[in-house]
There are 2 protein chains.
Amino acid sequence: MNLDSTDEKILKNLMMDARQSARQLALKLGMSTVTVLSRIKKLEKEKIIKGYTATIDHEKIGYSLTAIIEIVAKNDKIVDMEEEISKFENVCGVYDITGSTDTIIIAKFKERNELSKFVKGLATIPNVENTITHVVLNTAKEDFRLT
Amino acid sequence: MNLDSTDEKILKNLMMDARQSARQLALKLGMSTVTVLSRIKKLEKEKIIKGYTATIDHEKIGYSLTAIIEIVAKNDKIVDMEEEISKFENVCGVYDITGSTDTIIIAKFKERNELSKFVKGLATIPNVENTITHVVLNTAKEDFRLT
DNA sequence: CCTGAAATTCGCACCGC
DNA sequence: GCGGTGCGAATTTCAGG
């Protein structure tokens with residue numbers, strides 16, 4: 001599916017502020033409410049818009065610890081392993097990558113010992129051969145909106 | 001600032017669907033519209049809610065290539081370097097980490113040669129000593145909502 | 001923190017371009 | 001396919017308790 005410039009403008013605006021009405025958006029973009037609304041519906045239907053979420057300041061609600069963990073797998077059923085890891089609520093990202101390790105994950109925790117428990121828990125998952133944990137000292141950017 | 005269970009419920013629900021009215025939310029949670037609305041306003045004011053965004057299917061709009069890039073820095077002014085890197089629109093995450101490399105970044109691209117150009121561009125940034133690029137073969141999870 | 005009513009705003013359908 | 005108008009419904013806001 002390809003988007004025209006109208007779709008792109010709408011997407012861009014909804015990424016900046018998902019809580020604005022079709023009317024407001026139409027006003028801003030200089031087109032009719034109907035057009036904006038029907039485009040949004042179309043984008044939702046085609047699952048280009050997957051949903052709308054509030055962006056939370058993780059640190060302010062207590063998630064002060066971010067970790068990036070590399071995983072070396074025993075060489076079969078990596079997909080199953082990744083699915084298993086994805087189930088954890090602390091886990092924000094799970095990527096299957098090229099290079100010397102197989103999988104890299106990003107996870108967030110409130111306490112140091114939660115991270116500790118988590119890493120120990122990883123070792124019990126089938127196919128996890130080895131893990132390398134990196135603690136994030138500073139997050140310079142974390143914004144998955146793409147314009 | 002600490003949240004009570006009402007705040008948490010509201011946050012959780014807004015993370016699931018940012019485009020629902022305070023009234024709907026109040027109905028679901030069994031409290032009044034006014035209460036919900038004033039809590040939301042409070043959470044916005046305290047910047048616990050940083051904003052509201054539409055979640056987009058990156059692959060469907062053409063970002064089919066994700067890369068994770070490790071960076072080794074010359075050992076001063078890492079912060080400046082990270083700020084510089086954060087400016088790129090393709091860059092979704094920039095993390096300062098412990099371990100053998102200094103910084104790890106996540107970036108998304110539409111084309112293979114965009115990635116290529118990007119990595120070459122990195123080398124020209126002051127303080128970038130060396131980069132290691134991992135191509136993401138599969139994204140098992142990418143969801144930075146924390147309950 | 002809730003109730004209730006006022007005032008605003010919204011979404012959608014209809015119609016014309 | 002896009003835009004304008006209008007109406008019923010839904011939403012926020014403002015009182016008072």
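The model shown is predicted, which means the values in this text are computed figures rather than measured ones. Below, each value reflects all heavy atoms present in this structure, side chains not excepted, and no hydrogens, waters or symmetry copies. Chain letters run A, B, ... following the sequence lines, proteins first, then strands; residues in each count from 1.
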Under 4.0 Å protein heavy-atom contact, by nucleotide of nucleotides 12-17 of chain C - B base, S sugar-phosphate only: SB----
Residue whose nearest DNA chain C nucleotide is more 5′ - Val36(B) or Arg19(B): Val36(B)
salt_bridge(Asp143(B), Lys141(B)) N-O dist < 4.0 Å: no
Lys/Arg N to Asp/Glu carboxylate O, Glu84(A) vs Lys87(A), below 4.0 Å: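 A salt bridge is present here (some side-chain N lies under 4.0 Å from a carboxylate O).
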Sugar-phosphate, base or nothing in reach of Ser21(A), heavy atoms under 4.0 Å: sugar-phosphate
Sugar-phosphate only, base, or nothing, as touched by Gln20(A) at under 4.0 Å among non-hydrogen atoms: nothing
Heavy-atom side-chain proximity of Leu3(B) to Leu43(B) below 4.5 angstrom: yes
Donor-acceptor side-chain pairing of Glu82(A) and Tyr95(A) below 3.5 angstrom: no
Check: Ser38(A)/Lys42(A) side-chain N/O donor and acceptor closer than 3.5 Å: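 Their side chains do not contain a donor-acceptor pair, so the 3.5 Å distance test is not met.
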5′-ward residue of the pair Ser32(A)/Ala22(B) relative to DNA chain D: Ser32(A)
Reference residue Val72(A); test side chain to side chain contact (heavy atoms under 4.5 Å, CB included); the match among Val128(A), Thr131(A), Asn130(A): Asn130(A)
Parallel, tilted or perpendicular: ring planes of Phe118(A) versus Phe109(A), cut at 30 and 60 degrees: tilted
Nearest-0.5 Å distance, OG of residue Ser64(B) to CZ of residue Arg112(B): 9.0 Å
Span of DNA chain D in contact with chain A (heavy atoms, under 4.0 Å): dC2(D) to dG6(D)
